Number of protein chains: 2
Amino acid sequence: MDVEKITVLLVDDHAWVRGSVAQALSLADDIEVVGQAANGEEGVKKAKELSPDVVVMDLDMPVLGGVEATRQIREAVPSTQVLVLTVSESESDLFAAMAAGAKGYLLKNAGADDLHTAVMHISQGGVLVSPIMATTMLTQFTEVETKAPKIETGLSAREEEVLQSVAQGASNKEVGAELFITENTVKTHLRNIMEKLHVANRSQATAYAVRAGLYREPDRPTAS
Amino acid sequence: MDVEKITVLLVDDHAWVRGSVAQALSLADDIEVVGQAANGEEGVKKAKELSPDVVVMDLDMPVLGGVEATRQIREAVPSTQVLVLTVSESESDLFAAMAAGAKGYLLKNAGADDLHTAVMHISQGGVLVSPIMATTMLTQFTEVETKAPKIETGLSAREEEVLQSVAQGASNKEVGAELFITENTVKTHLRNIMEKLHVANRSQATAYAVRAGLYREPDRPTAS
DNA sequence: CGCCAAATCACCCGAACGGGCGATTACGCT
DNA sequence: AGCGTAATCGCCCGTTCGGGTGATTTGGCG
């Protein structure tokens, strides 16, 4: 496993950054810097030529930014993983980079050890994010998870059940059958629901329910 | 920095797993396993007592699952980071764990090196995910970024306009007024729409429209 | 032990909906 | 010139909705 070194391409518009990163990585005998580029465009070009295991990518660059360069590299050379090495602690930069296909996000204050660890882990396809940005990134998940279970609807448990059925397109009678109550009761519930949600009809109630995540994934919106 | 070893608590219902993990971690001189637990409940308890730097957590456990245990530990002892070590390659497990506050997600086929790297990185608050699960996780981001454009509805332009109005809760008459056509025409369009979408009523059509992104953000699902 | 919210059911009535059927105009493609 | 599709409108009819009003039961809460 140590016959083949991990090949790395450095992309950064500051020569001295490339120099210090190259030096830091050279300390390890399992990594080899096979190329360097001074901007995104050049980085994409060299990545296509060299097909390195890992590209260490800066974000703020002239000609072609790191995010777009990452996207192009990931598309053209899927086997190449991208590790973003930047000074930006911006949430949007982090998200944009990850969405573009970057597997790692390290801040430039990281030590040589961190850098080495990151390159090794990223080369295997793993995901690695700097401590400072970690919480930011995980917020994404907590939000996604939170944004489905319980959104305070102000509705009672029973009302939510009714709304759920309604949102699936059931008529009052069908809802009643499903919940073992009379159509009359369903109507009463629905009237209360509509009042509480300030909507005028079952379509708006349905729209609300879907948006609130009160669905059960009946069928994917993939029109036939 | 090497006077103080990284303290680790192992939580796994299989004793031999704890044993092998403990052995693997002991190879490093910068990590010390300070405790073990056989289930989530016990894990939470010991985490509160020991306040370890890192908890290596299994997911599938009796009494109290790893996800819930993670949530409780993260809440009770914020300084303690959680690294999930599991056999599950399930997307939902990954998401649930990360949402619960786990900072790392490693598969049990990881090597001793990987484990050591992970513990060290997680101890500093970083995020680290196994190669196999990396793509899965990043899908979250690409989806969030991609999710919006045009979903092929199969409907004509006019039909989409009608559906859009309907999804906002308009009656046939109101839709007609909005689009300068008769209620009869609206009904015809809507009948065609329902047939094309294979739905039975306007509520299902509405649900479809909302899911397909054919909305105009009327009001946030934040019940008053 | 009263009070209230939640859940249950009932009746009535006008308006809206869903479906079946038919029809005209306009535009593009062959 | 002929054909298909989209868009437009009409009528009829049975079902469903939405709203108004009233009533009973159950479970908590003070």
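Note that the structure is a prediction, hence the values are computed from the model and not measured. All chains are named by letter (A, B, ...) in the order of the sequence lines, taking the proteins before the strands, and each is independently numbered beginning at 1. Quick note: numbers below take in every heavy atom, side chains included, and nothing from hydrogens, waters or symmetry partners.
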* With a cut-off of 6.0 Å (strictly less than), are more than 12 heavy atoms of other residues, nucleotides or ligands near CD of Glu75(A)? -> no
* Below 4.0 angstrom from OP1 or OP2 of dT8(C), is there any side-chain N or O of Thr185(A)? -> no
* For Glu178(A) and dT8(C), give me the distance from atom CD to atom P, rounded to whole Å. => 14 Å
* Asked: dA7(C) P sits how many Å from Leu179(A) CG, rounded?
  -> 11 Å
* To do: Looking only at side-chain atoms of Glu159(A), point me to the closest of dG10(D), dA10(C), dA7(C).
  => dA7(C)
* To do: Return the value, rounded to whole Å, for the distance between atom CG of Asn192(A) and atom P of dC4(C).
  => 18 Å
Show me the donor-acceptor pairs, under 3.5 Å and distance only, between side chains in residues 62-69 of chain A and residues at least two apart or in other chains.
unit_1: Glu68(A); atom_1: OE1; unit_2: Arg71(A); atom_2: NE; d: 3.2
unit_1: Glu68(A); atom_1: OE2; unit_2: Gln72(A); atom_2: NE2; d: 3.4

* Options dA6(C), dA7(C), dC9(D), nucleotide nearest the side-chain atoms of His189(A) -> dA7(C)
* Asked: Nucleotide by nucleotide, 5' to 3', does protein get under 4.0 Å of the base (B), only the sugar-phosphate (S), or neither (-) in nucleotides 11-21 of chain D, counting heavy atoms?
  -> BB---SSBBBB
* Min side-chain heavy-atom separation Asp114(B)-Gln124(A) under 4.5 Å -> yes
* Rounded to whole angstrom units, what separation is found between the NZ atom of Lys196(B) and the P atom of dG18(C)? -> 18 Å
* Asked: Ignoring hydrogens and geometry, is there a side-chain-to-backbone donor-acceptor pair from Thr86(B) to Leu59(B) under 3.5 Å?
  -> no
* Structure fact -> Those residues at least two apart in sequence (or on a different chain) that pass side-chain contact (heavy atoms from CB on, under 4.5 Å) with Ser171(A) are Lys173(A), Glu174(A)
* **Interatomic distance, Arg158(A) CZ vs dT26(D) P [rounded to whole Å]** => 16 Å
* Asked: Between dA6(C), dT8(D), dA7(C), which nucleotide gets closest to the side-chain atoms of Ile181(B)?
  -> dT8(D)
* Asked: Is a side-chain donor or acceptor of Lys46(B) paired with a backbone partner of Gln36(B) at a separation under 3.5 angstrom?
  -> yes
* Expressed in angstrom and rounded to an integer, what is the separation of Phe180(A) atom CZ from dC9(C) atom C1'? -> 17 Å
